Amino acid sequence: MILFRLKKDIRNIRRFKQIAAVLSRYGFGYLLEKLNLPLKMIRKGSDPGLVGLTLEVRARMVLEELGPTYIKLGQMLSMRPDIIPYSLCKEFEKLQDEVKPVEFEKIKKVLSSELKKDIGEEFEEFNTRCIASASLAQIYRARYRKENVVVKVQKPGIKDLVKSDLDIIKAVVDFIAERYPGIEEQFSLKEILERFRSYIFKELDFTKESHNILRFRKNFKDSKKIYFPRVYKALTTQRVLVTDLVEGVKVNRIDELDARGINRKEIASRGAECILKQIFIDGFFHGDPHPGNIFVLSDGTICFLDIGIVGRIDEELKFKLADVLAGVAERDTARIIEVFRDLGALEDVDRNVLAVELDELLDTYYEVPLEDFDFGVFLRELMKLIYKHHIRLLPDFFLLFKSLVTIEGVGRT
């Protein structure tokens with residue numbers, strides 16, 4: 001039984017009961033039955049107000065209600081069409097990471113504990129009203145040594161909650177692996193869990209994000225029109241990140257860009273060059289370049305924010321990716337399949353059927369003028385094929401695809 005696997009840790013058992021209640025309320029009680037839970041913990045049927053909602057929508061709502069760990073899990077799974085249905089990937093892309101802020105007094109305790117000083121001793125000014133609240137952290141404006149800065153502070157208790165949730169997920173995964181070995185063999189649940197554990201603990205360590213920012217700043221040190229925020233190392237810890245305040249316009253606020261006389265075509269072109277440099281030259285790219293993370297400054301400089309998620313590709317993968325793109329451009333199905341084969345991604349895949357369906361996909365876009373070619377739509381269709389044929393690519397490949405789809409949409413806007 002799952003409850004026994006939680007080793008009678010009261011915190012874990014209490015949390016598991018919360019999770020079971022949420023799953024039951026959204027109509028997923030049948031999944032709990034598979035875990036041999038006491039019947040009193042399982043409620044059949046969903047709440048009347050949820051009638052008519054699709055399974056995908058209800059699954060997203062479950063993750064949002066369960067909080068930080070599950071929101072992050074859903075975000076990671078949204079990049080893995082080789083693991084979950086493409087319809088779920090699309091729905092999980094909508095996961096909201098904006099939540100009600102924790103009162104400042106609790107945040108203040110984290111700040112004082114991390115900085116070993118009272119806020120008034122370290123900052124000349126500190127606006128106690130947060131400007132953003134996500135599942136893991138809250139963001140504030142402050143003034144440090146006569147400079148305006150942004151202070152990102154981890155919410156209290158988040159790390160303990162994540163650890164408890166990971167214990168519960170591990171117990172479920174171990175149970176499934178023993179009871180349903182075919183599922184573990186097909187989806188490698190334990191491997192996914194370990195990747196997720198690494199993924200979320202990196203996000204919980206703000207020194208990792210500061211290192212990402214510093215690396216981007218180094219990679220773009222010679223660029224006058226691409227900017228990454230300056231990190232205040234002396235104030236940055238695992239739970240606090242301080243950078244300079246960047247004031248500009250979100251890249252998708254077209255009216256504001258026009259009002260400031262900013263040339264949108266130049267911004268789109270510059271942004272595309274920036275992303276291509278990250279991928280094909282640096283092998284180190286922003287993993288979540290959505291419009292909320294990209295600002296345009298008054299002089300047309302593009303600034304990237306929120307660098308917690310990054311992707312890495314080595315020299316070999318750069319060439320493999322280039323081969324895939326060349327195969328698309330030249331309508332060379334064999335070349336694309338050869339890349340997948342070299343990556344060890346075609347075990348148990350019927351290559352003849354895959355070749356036919358790839359041909360059909362490429363035919364759809366063959367001789368389409370470049371200005372009419374929607375790269376984002378094409379990548380989404382390609383990811384559907386990847387899911388359908390169980391093609392197992394490296395996780396950073398999917399992160400890269402998602403980044404390209406996102407940034408292509410920003411550029412097109």
Side-chain angles (χ1 to χ4, degrees), residues 68 72 96-162 202-218 220-221 226-251 253 256 260 286 288-299 301-310:
K72 296 298 178 185
Q96 296 298 308
D97 201 12
E98 297 177 7
V99 297
K100 184 179 178 181
V102 172
E103 55 267 33
F104 181 71
E105 283 305 309
K106 293 182 179 179
I107 293 293
K108 184 178 177 181
K109 290 179 181 178
V110 175
L111 263 172
S112 298
S113 171
E114 291 294 299
L115 301 180
K116 313 299 183 190
K117 285 184 181 179
D118 185 71
I119 293 177
E121 295 178 62
E122 197 68 84
F123 298 97
E124 294 149 29
E125 297 175 23
F126 198 102
N127 190 328
T128 60
R129 182 180 179 182
C130 73
I131 57 176
S133 176
S135 54
L136 299 183
Q138 291 179 191
I139 298 176
Y140 298 84
R141 293 189 181 200
R143 196 159 173 80
Y144 175 72
R145 295 185 179 178
K146 300 182 179 179
E147 294 185 340
N148 294 322
V149 297
V150 171
V151 184
K152 181 177 179 180
V153 188
Q154 193 172 116
K155 290 184 175 179
I158 284 294
K159 199 163 190 176
D160 288 339
L161 176 62
V162 168
K202 282 178 183 175
E203 280 219 60
L204 284 168
D205 184 352
F206 293 169
T207 63
K208 295 282 195 301
E209 182 172 352
S210 73
H211 295 155
N212 293 340
I213 297 171
L214 291 171
R215 182 166 174 181
F216 277 120
R217 282 177 63 83
K218 180 181 178 182
F220 286 89
K221 67 181 186 299
I226 302 294
Y227 185 74
F228 289 86
R230 182 157 57 97
V231 175
Y232 291 79
K233 296 181 185 178
L235 300 179
T236 296
T237 70
Q238 286 193 346
R239 297 200 291 168
V240 175
L241 173 64
V242 181
T243 62
D244 57 335
L245 175 67
V246 174
E247 298 195 82
V249 179
K250 286 185 180 179
V251 72
R253 291 185 176 171
E256 290 187 46
R260 296 188 182 204
H286 195 308
D288 193 20
H290 67 73
N293 289 337
I294 306 174
F295 279 68
V296 181
L297 310 189
S298 57
D299 65 351
T301 297
I302 301 174
C303 177
F304 289 81
L305 303 174
D306 196 357
I307 323 288
I309 300 173
V310 296

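Fair warning: this is a prediction, and the values are worked out from it, not measured in the lab. Worth knowing before you read on, the calculation uses all heavy atoms, side chains too, and leaves out hydrogens, waters and symmetry mates.
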A.B. asks: So, do Asp205 and Gln238 sit near enough that their side-chain heavy atoms are less than 4.5 Å apart?
C.D. replies: yes

A.B. asks: Could you pull out the closest heavy-atom pair between Gly248 and Leu297, with the gap in Å?
C.D. replies: CA-CD2, 4.2 Å

A.B. asks: Considering only heavy atoms from C-beta outward, does the side chain of Arg215 approach that of Val310 to under 4.5 Å?
C.D. replies: no

A.B. asks: Just by modelled atom types, is the Ser298 backbone N or O under 3.5 Å from a matching donor or acceptor in the Arg260 side chain?
C.D. replies: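 A pair under 3.5 Å: no.
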
A.B. asks: For residues Glu124 and Arg145, determine if any side-chain heavy atom of one lies less than 4.5 Å from a side-chain heavy atom of the other.
C.D. replies: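 The answer is yes, as the side chains (C-beta and beyond) meet within the 4.5 Å cut-off.
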
A.B. asks: Among residues two or more places apart or on two chains, list those pairs meeting salt bridge (Lys or Arg N to Asp or Glu O under 4.0 Å) that have a residue in residues 148-159.
C.D. replies: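 Found Lys152-Glu209.
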
A.B. asks: Taking all heavy atoms of Ile213 and all of Pro229, pick out the closest pair and write down the distance.
C.D. replies: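 Looking at all heavy atoms of both residues, the shortest contact is CG2-O, 3.1 Å.
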
A.B. asks: Does any part of the side chain of Thr243, heavy atoms only, come nearer than 4.5 Å to the side chain of Leu305, both counted from C-beta?
C.D. replies: no

A.B. asks: Of all heavy-atom pairs between Ile294 and Pro289, which one has the smallest distance, and what is that distance?
C.D. replies: CD1-O, 3.4 Å

A.B. asks: Does the side chain of Lys72 come within less than 4.5 Å of Ser135's, by heavy atoms?
C.D. replies: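 In short, these two side chains touch, coming nearer than 4.5 Å.
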
A.B. asks: Say whether, by atom type as modelled, one donor and one acceptor occur between the side chain of Glu203 and the main chain of Ile309 under 3.5 angstrom.
C.D. replies: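 Between the backbone of Ile309 and the side chain of Glu203 there is no qualifying donor-acceptor contact (under 3.5 Å).
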
A.B. asks: Go through the steps to decide whether Leu235 and Phe123 satisfy the test side chain to side chain contact (heavy atoms under 4.5 Å, CB included), and finish with yes or no.
C.D. replies: CA-CA 10 Å; Leu235 300 179; Phe123 298 97; 4.0 Å; yes

A.B. asks: Minimum heavy-atom separation for Val102 and Tyr140, please, with both atom names.
C.D. replies: O-OH, 4.4 Å

A.B. asks: For the pair Gln154 (side chain) and Leu136 (backbone), establish whether a donor and an acceptor sit closer than 3.5 Å, ignoring hydrogens and angles.
C.D. replies: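 Such a contact is absent between Gln154 side chain and Leu136 backbone.
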
A.B. asks: Within a strict 4.5 Å, meaning less than it, do heavy atoms of the Leu111 and Lys117 side chains meet?
C.D. replies: no

A.B. asks: Decide yes or no on ring pair (Phe, Tyr, Trp, His ring centres under 6.0 Å) for Phe216 and Phe304, but give the supporting numbers first.
C.D. replies: CA-CA 10 Å; Phe216 277 120; Phe304 289 81; 7.8 Å; no

A.B. asks: Could you please spell out the steps behind the side chain to side chain contact (heavy atoms under 4.5 Å, CB included) verdict for Tyr227 and Asp244?
C.D. replies: CA-CA 11 Å; Tyr227 185 74; Asp244 57 335; 2.5 Å; yes

A.B. asks: Donor-acceptor pair, distance only, cut-off 3.5 Å: does the side chain of Asn212 make one with the backbone of Ile307?
C.D. replies: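 Side chain of Asn212 to backbone of Ile307: a pair is present.
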
A.B. asks: Does a side-chain heavy-atom distance below 4.5 Å link Pro156 with Ile107?
C.D. replies: yes

A.B. asks: Does Thr236 reach the main-chain N or O of Tyr232 with its side chain, forming a donor-acceptor pair under 3.5 Å?
C.D. replies: yes

A.B. asks: Run the side chain to side chain contact (heavy atoms under 4.5 Å, CB included) check on Tyr144 and Glu125 step by step: do they pass?
C.D. replies: CA-CA 7 Å; Tyr144 175 72; Glu125 297 175 23; over 6 Å; no

A.B. asks: Can you name the nearest heavy-atom pair linking Val153 to Phe206, along with the distance?
C.D. replies: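 Closest approach of Val153 to Phe206: C-CE1, 4.1 Å.
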
A.B. asks: Before giving the answer on side chain to side chain contact (heavy atoms under 4.5 Å, CB included), spell out for Arg141 and Asn148 the whole-Å C-alpha distance, their side-chain angles and the decisive distance to 0.1 Å.
C.D. replies: CA-CA 7 Å; Arg141 293 189 181 200; Asn148 294 322; over 6 Å; no

A.B. asks: Main chain of Asp288, side chain of Asn293: is a donor-acceptor contact present, judged purely on distance under 3.5 Å?
C.D. replies: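 Yes, the answer is positive, given that a donor and an acceptor are paired below the 3.5 Å cut-off.
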
